[in-house]
Amino acid sequence: YSGSARLLAATTLRNVLGTKNLGDILSERELIAHEMQELLHEATVPWGVNIERVEVKDCRVPEQLMRAMAAEAEAARDARAKVIAAEGEHKASRALRHAADVITGNPAALQLRYLQTLNSISLR
């Protein structure tokens, strides 16, 4: 039963880890070990084998999975950057609208802005 139990443990480990993300795997090792112990116990009771303890000591992540996770993290960062850029555009449009309202309310403000623009161009 030793070889069968070892294969069952490896299969159970893959099945349990396949349902979790990397952060959960690293932070919830005790919970994963407990879940594995329950699953292994259910499977080995008919054999007359008692599982006393399960420990998850080390998890090696395949290179392909690491690349996929890095791509996912990069996509999430890009999405956050787009949201931040969109918020900036929104704030800029509000500021322009406010400026337009001020200029519309005071015709001399438009002339002052025109002169200010000419002044800044002449300084370059």
Side-chain angles (χ1 to χ4, degrees):
Y1 292 112
S2 176
S4 297
R6 193 178 306 257
L7 288 173
L8 179 63
T11 302
T12 304
L13 178 63
R14 283 189 205 100
N15 290 341
V16 170
L17 294 182
T19 63
K20 310 223 180 275
N21 63 36
L22 185 60
D24 292 342
I25 291 171
L26 297 175
S27 65
E28 299 176 357
R29 290 190 341 202
E30 292 82 18
L31 183 66
I32 291 170
H34 182 69
E35 184 178 346
M36 281 186 59
Q37 184 173 359
E38 289 177 356
L39 292 170
L40 289 171
H41 179 73
E42 290 174 14
T44 57
V45 165
W47 300 346
V49 176
N50 184 27
I51 304 295
E52 290 182 3
R53 182 178 66 213
V54 173
E55 291 181 13
V56 178
K57 290 185 178 181
D58 185 27
C59 294
R60 285 182 233 133
V61 180
E63 187 70 28
Q64 185 178 7
L65 179 59
M66 284 197 296
R67 277 190 239 117
M69 289 176 3
E72 181 183 356
E74 184 177 356
R77 283 191 301 272
D78 288 345
R80 280 193 301 271
K82 287 179 182 180
V83 167
I84 291 169
E87 288 174 354
E89 296 266 339
H90 183 72
K91 287 180 183 178
S93 69
R94 281 187 173 178
L96 284 172
R97 182 176 176 191
H98 178 68
D101 290 342
V102 169
I103 289 174
T104 302
N106 189 356
L110 181 60
Q111 183 65 25
L112 286 173
R113 180 66 182 135
Y114 175 71
L115 292 173
Q116 186 181 24
T117 303
L118 288 177
N119 186 31
S120 65
I121 290 172
S122 68
L123 293 177
R124 291 184 194 165

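We use all heavy atoms of the structure for the numbers below, so side chains are in, but hydrogens, waters and symmetry mates are not.
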Any side chain to side chain donor-acceptor pair (under 3.5 Å) pairs touching residues 16-36, not counting sequence neighbours? His34-Glu38
So side chain to side chain donor-acceptor pair (under 3.5 Å) across residues 84-94, not counting sequence neighbours, yields His90-Arg94
Mind checking side chain to side chain donor-acceptor pair (under 3.5 Å) for Arg67 and listing every partner two or more places apart, or none if nothing turns up? none
Not counting sequence neighbours, which residues clear side chain to side chain contact (heavy atoms under 4.5 Å, CB included) with [X]? List them please.
| X | answer |
| --- | --- |
| Asn119 | Ser122, Leu123 |
| Glu52 | Asn50 |
| Arg80 | Ala76, Arg77 |
| Gln111 | Tyr114, Leu115 |

Would you give the length of the straight line joining atom [atom1] of [X] to atom [atom2] of [Y], rounded to the nearest 0.5 angstrom?
| X | Y | atom1 | atom2 | value |
| --- | --- | --- | --- | --- |
| Gln37 | Thr12 | CD | OG1 | 12.0 Å |
| His41 | Ile51 | NE2 | CD1 | 9.0 Å |
| Thr104 | Arg97 | OG1 | CZ | 11.0 Å |
| Leu112 | Asn106 | CG | CG | 8.0 Å |
| Leu13 | Leu39 | CG | CG | 11.0 Å |

How would you list, by chain and number, every residue that makes a salt bridge (Lys or Arg N to Asp or Glu O under 4.0 Å) with Glu55, sequence neighbours excluded? Arg53
Residues two or more places apart in sequence or in another chain: which of them pass salt bridge (Lys or Arg N to Asp or Glu O under 4.0 Å) with Arg14? none
Can you name the closest pair of heavy atoms from Ala33 and Val54 and give their distance? CB-O, 3.3 Å
Residues that, via side-chain heavy atoms closer than 4.5 angstrom, fall in one hydrophobic cluster with Ile103: Leu110
Sequence neighbours left out, what pairs pass salt bridge (charged side-chain N to carboxylate O under 4.0 Å, His left out) with at least one residue falling in residues 106-115? none
Please check if Leu31 and Val16 belong to a single hydrophobic cluster, counting links between Ile, Leu, Val, Met, Phe, Trp and Tyr side chain heavy atoms closer than 4.5 Å. no
Is any side-chain heavy atom of Leu7 less than 4.5 Å from a side-chain heavy atom of Ser4? no
